[in-house]
Undergrad: 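Sharing a structure, written as structure tokens. Questions coming.
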Amino acid sequence: TLELDRRQRQMCIRDRVTREFGPEGVLKLTAKNITDVASRLKRVPQMMDQFEDALTRQTLLQAAPERGQVQTAGWVKLSLALALVGIGYVIAKLHGAG
């Protein structure tokens with residue numbers, strides 16, 4: 001009976017190896033790979049749309065100055081304008097007084 005068990009195990013292993021690594025196994029693996037590729041190909045249009053959206057957002061972010069930069073530039077311009085008005089007022093007073 002030990003010899004019979006040994007032969008049965010060997011046959012079982014041989015069958016399993018043949019199924020997994022023989023033509024049947026190659027066919028199963030190929031079918032699985034084709035299914036995976038087809039599934040990914042179905043998502044390509046959506047992935048390209050997402051990629052284009054991300055690229056557009058990145059381009060817009062690079063083109064537009066940051067909010068803090070815009071506010072700082074506005075305050076600098078306002079400060080310069082007020083300084084020029086103040087200087088003009090002082091010059092006018094000096095010429096009017098003299």
Side-chain angles (χ1 to χ4, degrees):
T1 61
L2 289 176
E3 184 64 29
L4 183 60
D5 287 344
R6 186 171 154 264
R7 284 184 189 159
Q8 286 176 338
R9 284 194 306 266
Q10 285 177 339
M11 286 176 51
C12 183
I13 291 170
R14 189 179 320 121
D15 290 347
R16 176 71 184 246
V17 168
T18 302
R19 271 196 320 271
E20 296 298 322
F21 300 108
E24 183 181 345
V26 170
L27 184 61
K28 236 177 15 179
L29 182 62
T30 302
K32 182 186 178 308
N33 287 340
I34 288 173
T35 302
D36 290 348
V37 168
S39 174
R40 288 188 179 108
L41 285 175
K42 289 177 186 175
R43 295 192 323 245
V44 167
Q46 177 188 5
M47 291 168 50
M48 290 303 297
D49 288 344
Q50 291 172 346
F51 174 75
E52 288 175 358
D53 290 345
L55 188 61
T56 302
R57 282 193 306 272
Q58 183 64 30
T59 303
L60 291 174
L61 286 174
Q62 289 175 350
E66 290 186 29
R67 182 179 171 97
Q69 291 174 340
V70 172
Q71 288 178 344
T72 302
W75 282 110
V76 168
K77 289 176 185 176
L78 179 61
S79 299
L80 285 174
L82 291 175
L84 289 174
V85 168
I87 291 171
Y89 178 76
V90 170
I91 291 173
K93 280 292 193 179
L94 288 175
H95 282 293

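Along the sequence shown, the residues carry numbers beginning at 1. These numbers come from a predicted model, not from an experiment.
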Undergrad: Is it true that E24 and K28 have a side-chain N and a carboxylate O under 4.0 angstrom from each other?
TA: no
Undergrad: Rounded to the nearest 0.5 Å, how far does OH of Y89 lie from CG of L94?
TA: 10.5 Å
Undergrad: Mind checking the CG-CG spacing from L60 to L55? Nearest 0.5 Å is all I need.
TA: 9.5 Å
Undergrad: If we only count heavy atoms from C-beta on, is the R40 to V44 side-chain gap below 4.5 Å?
TA: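 With C-beta onward as the side chain, the pair stays apart.
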Undergrad: Would you confirm whether S39, through its side chain, and T35, through its main-chain N or O, come within 3.5 Å as a donor-acceptor pair?
TA: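 No, the answer is negative, given that no donor and acceptor are paired below the 3.5 Å cut-off.
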Undergrad: Distance from I34 atom CD1 to L41 atom CG, nearest 0.5 Å?
TA: 11.5 Å
Undergrad: Supply the atom-to-atom distance E52 CD to T59 OG1, rounded to the nearest 0.5 angstrom.
TA: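 With rounding to 0.5 Å, CD (E52) is 11.5 Å from OG1 (T59).
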Undergrad: Look up atom CG in L82 and atom CD1 in I87, then write down how far apart they are to the nearest 0.5 Å.
TA: 11.0 Å
Undergrad: When you check the gap from the basic side-chain N to the acidic O, do R9 and D5 get nearer than 4.0 Å?
TA: no
